[in-house]
Amino acid sequence: MEKEEKILITRLCIASVLFALSFFNFLGDIGKFVTSLVGFFIIGYDVIFKSLKGIIHGDIFDERFLMLVASIGAFAIKEYHEALAVMLFYQLGEFLQDLAVDRSKDSIKKLMDIRPNFANVMIDGETKKVNPSEVKPDDEIIVFAGEKIPLDGIIVSGTTSLDTAALTGESIPKDVSEGDSVLAGTINISGTITVKVTKCYAESSVSKIIEMVENAENKKAKSEKFITKFAKIYTPVVVGLAVLLAVLPPLAFSQPWLTWLHRALLFLVVSCPCALVISIPLTFFVGIGGASKKGILIKGANHIETLANLNAVGFDKTGTLTKGNFTASNVKAIGCKENELIKLCALAESGQSHPIAESIVNFAKQKMKLDEKLVSEQTVLPGLGVKAVIKNKTIYAGNFKLMESIGVEVPENNEIGTTVFVSEESKFLGYIVISDEVRETSKSAIEKLKKLGINQTYMLTGDKDAVAKTIANSLKIDKYYSELLPEDKAKIIGELKTSKALKIAFVGDGINDAPVLKTADVGISMGKLGSDIAMETSDVTLMDDNPEKVAEAIKISKKTMRIVKENIIFSISFKLIMLVLGALGITTMWLAIFADVGVSLLAILNSLRALRIKNKN
Ligand code: ADP
Ligand code: MG
């Protein structure tokens with residue numbers, strides 16, 4: 001328990017004893033007054049202090065002010081118990097709420113805990129546990145079975161399977177061996193492996209993920225901002241009504257002053273909007289936590305709100321709906337030997353992260369050794385291909401648009417798949433046809449979106465029309481756009497947003513689609529686990545290669561928003577009822593405060609439901 005908590009509990013106890021004492025008649029009026037006043041200061045000094053500070057800063061109308069006015073008023077009409085009770089119950093309520101919120105946050109943080117605790121390093125032939133932040137890139141660490149992998153790296157010896165559930169939400173183990181890369185935060189299930197560290201801890205994906213989730217709380221959703229605005233208007237209105245309530249009936253209808261003053265004070269006490277103020281940020285936090293448990297990183301409460309209101313989703317093709325694992329289905333050399341064509345093309349593509357580039361390099365490596373030092377210059381032409389200088393020759397590799405732009409004529413071809421044309425300056429060398437596979441989950445990803453009421457799905461691709469058409473048809477995507485450059489994609493999404501009033505998300509693999517991810521209402525990146533660009537350019541990151549998670553993210557967001565709305569409606573209507581009862585003098589002050597705490601706690605419990613999303617469908 002924290003020190004502050006202990007102090008508050010002590011204060012609550014002392015004030016409760018004094019409160020009980022103030023009921024004894026032998027104390028007399030003065031004695032009762034003094035006991036209550038002492039209790040009042042003991043329990044309420046911080047409220048008084050903060051409220052006065054608020055007044056000095058011109059920020060008069062907060063809930064503390066309401067409490068203060070109400071209790072001073074109660075003293076003025078000689079209702080000493082009530083004066084103390086207002087403060088006592090208010091503080092008790094705050095305490096219970098803080099407790100509930102802290103506990104909930106702790107339990108969610110535990111769920112999200114992917115933070116590694118130690119790394120084993122070899123020192124003088126013995127393994128020693130050190131803090132992951134002390135390990136530098138190129139150091140070797142040993143990870144035993146059952147341990148969490150502490151840093152990103154590459155396996156240098158050993159084989160094992162990994163449990164990536166903490167990052168991806170998928171529980172199927174992944175087999176890895178020498179040469180495979182591993183990510184911090186995943187768990188080594190079966191064998192001992194030696195890992196060569198590639199990134200220091202602060203740069204590792206796990207620490208970036210933790211940072212993002214922690215910062216997510218700071219990005220306020222509109223409904224949260226609404227509450228702040230609401231409180232700013234609400235409080236002065238309530239104070240105004242309370243004044244009317246105290247003054248009007250006695251003046252206009254010669255009612256007894258004391259009764260109406262009492263009711264006005266009660267009205268003030270009841271009015272504090274605690275349940276709302278606490279439960280709404282908590283609900284968003286719980287929703288973000290629940291999503292991260294499923295391998296979905298939502299980087300702000302504002303995105304939850306947008307996700308819940310989407311009516312359209314656009315997808316990138318390569319690497320998103322398709323695996324981005326191309327295999328070469330045909331090689332046609334025209335201006336040079338076949339092996340020379342493959343070599344030049346692969347060298348031009350070497351070191352690039354685009355799925356086409358990686359696949360071509362892999363294909364070439366099966367046939368020959370590539371000497372990457374021969375490449376002296378390399379330029380990526382997004383949506384077109386690459387340009388590279390190899391042994392003083394300028395080589396272009398890319399689609400027909402690229403060839404067109406440098407004035408190279410290419411033969412018509414009806415090959416199924418993506419054709420990568422290669423030229424040396426304006427001399428056409430030939431082409432490699434590669435084909436990709438649609439992900440097994442892509443079709444159901446679209447179906448699931450339809451089930452959630454998202455009726456408009458789009459595919460935007462830089463690939464040629466024939467390929468785009470086949471894939472869009474087989475996945476039942478409503479509309480596709482082909483042969484686009486990255487900036488065209490952004491333009492189309494921008495136009496869809498304005499002309500059709502769509503609320504649209506765009507899902508991409510983060511490679512050359514940063515502009516469109518920014519233009520969409522929500523940018524969702526997926527693809528290579530832990531790829532930096534993907535994580536940084538988007539609002540939502542799916543930690544694995546499954547486009548079905550888009551629907552999942554929307555579902556979690558819808559549920560979170562439903563709970564937010566429930567809490568808003570529930571606490572506001574409860575407030576209204578209590579206000580009316582208070583104005584009519586039907587309820588008592590203690591009952592009112594106590595009931596208020598109850599509502600807050602119920603709202604908090606309701607928030608926790610955002611964590612539980614059923615797995616089916
Ligand atoms: P998508 O929109 O489907 O994700 P991209 O915008 O990444 O596709 O690429 C569009 C097209 O540009 C590809 O179909 C390909 O023809 C060409 N292209 C892009 N990058 C490369 C590359 N590195 N090598 C060859 N061709 C490329
Ligand atoms: Mg792509």
Side-chain angles (χ1 to χ4, degrees), residues 314-326 328 331 341-342 344-364 375 378-388 395-406 408 410 413 415-423 429-439 442 458-472 475 477 480-493 506-517 524-528 531 533-534 537 545 547:
F315 288 90
D316 169 59
K317 180 182 75 72
T318 314
T320 305
L321 290 172
T322 68
K323 290 185 181 161
N325 253 339
F326 294 84
V331 181
L341 174 75
I342 296 174
L344 287 174
C345 184
L347 282 175
E349 300 274 16
S350 63
Q352 293 303 319
S353 56
H354 194 284
I356 293 184
E358 284 184 348
S359 311
I360 288 195
V361 171
N362 283 341
F363 168 66
V375 186
Q378 197 184 36
T379 323
V380 178
L381 310 162
L384 298 170
V386 284
K387 172 185 174 187
I395 304 292
Y396 292 88
N399 53 16
F400 76 92
K401 268 197 189 169
L402 174 65
M403 294 294 127
E404 216 171 62
S405 75
I406 54 170
V408 173
V410 297
N413 81 24
E415 307 260 9
I416 300 170
T418 304
T419 311
V420 179
F421 298 100
V422 186
S423 81
L429 298 181
Y431 60 81
I432 302 178
V433 182
I434 52 180
S435 53
D436 195 4
E437 263 174 274
V438 173
R439 291 186 197 282
S442 293
Y458 297 87
M459 184 176 88
L460 280 69
T461 175
D463 212 343
K464 53 182 188 193
D465 198 71
V467 182
K469 189 171 179 177
T470 321
I471 292 183
L475 296 179
I477 287 180
Y480 72 88
Y481 298 86
S482 59
E483 298 176 15
L484 303 171
L485 294 177
E487 54 275 22
D488 300 332
K489 295 188 189 172
K491 223 171 87 197
I492 289 175
I493 294 288
F506 188 82
V507 191
D509 60 357
I511 291 173
N512 81 32
D513 36 46
V516 58
L517 287 173
I524 304 179
S525 66
M526 56 168 272
K528 268 182 244 155
S531 127
I533 357 169
T537 51
D545 286 341

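Just so you know, ligand 1 is whichever comes first in the structure, and atom 1 is the first atom listed for that ligand. Counting from 1, the numbers follow the sequence of the chain as shown. Reckoned from all heavy atoms, side chains included, excluding hydrogens, waters and symmetry mates.
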Run the numbers for me: atoms of ligand 1, each under 4.0 Å from some heavy atom of Lys489, listed by number. 1 (P), 2 (O), 4 (O), 6 (O)

Taking distance alone, with N or O pairs closer than 3.5 Å, would you say Thr461 contacts ligand 1? yes

Should the proximity of Glu349 to ligand 1, defined as any heavy atom under 4.0 Å, be assigned to the side chain, the backbone, both, or neither? side chain

In terms of atom number and element, which parts of ligand 1 are under 4.0 angstrom from non-hydrogen atoms of Asp316? 1 (P), 2 (O), 3 (O), 4 (O)

Donor-acceptor check, side chain of Lys317 to backbone of Ala468, threshold 3.5 angstrom: yes or no? no

With heavy-atom distances below 4.0 Å as the criterion, list the atoms of ligand 1 near Ile356. 13 (C), 15 (C), 24 (N), 25 (C), 27 (C)

Just to check, does His354 reach to within less than 4.0 Å of ligand 1 when the distance is taken from its heavy atoms? yes

Asn362: which residues meet the side chain to side chain contact (heavy atoms under 4.5 Å, CB included) condition with it, sequence neighbours left out? none

Within-cut-off N or O pair, Thr318 and ligand 1, under 3.5 Å: yes

With respect to atom 12 (O) of ligand 1, which of Gly462, Gly383, Pro355 exhibits the smallest heavy-atom separation? Gly383

Residues at least two apart in sequence or cross-chain that pass ring pair (Phe, Tyr, Trp, His ring centres under 6.0 Å) with Phe421, listed by chain then number, are Tyr431

Under 3.5 Å: donor-acceptor pair, side chain of Asp513, backbone of Val507: no

Check the surroundings of atom CD in Glu437: do more than 12 heavy atoms from other residues, nucleotides or ligands lie under 6.0 Å from it? no

Do any heavy atoms of Gly398 fall under 4.0 Å from ligand 1? yes

Expected output: side-chain Gln378 to main-chain Ala348 donor-acceptor under 3.5 Å: yes

Taking 4.0 Å as the limit for heavy-atom contacts, which would you say applies to Thr419 with ligand 1: side chain only, backbone only, both, or neither? neither

I need the minimum non-hydrogen distance between Gly324 and Ser359, along with the two atoms involved. O-OG, 3.6 Å

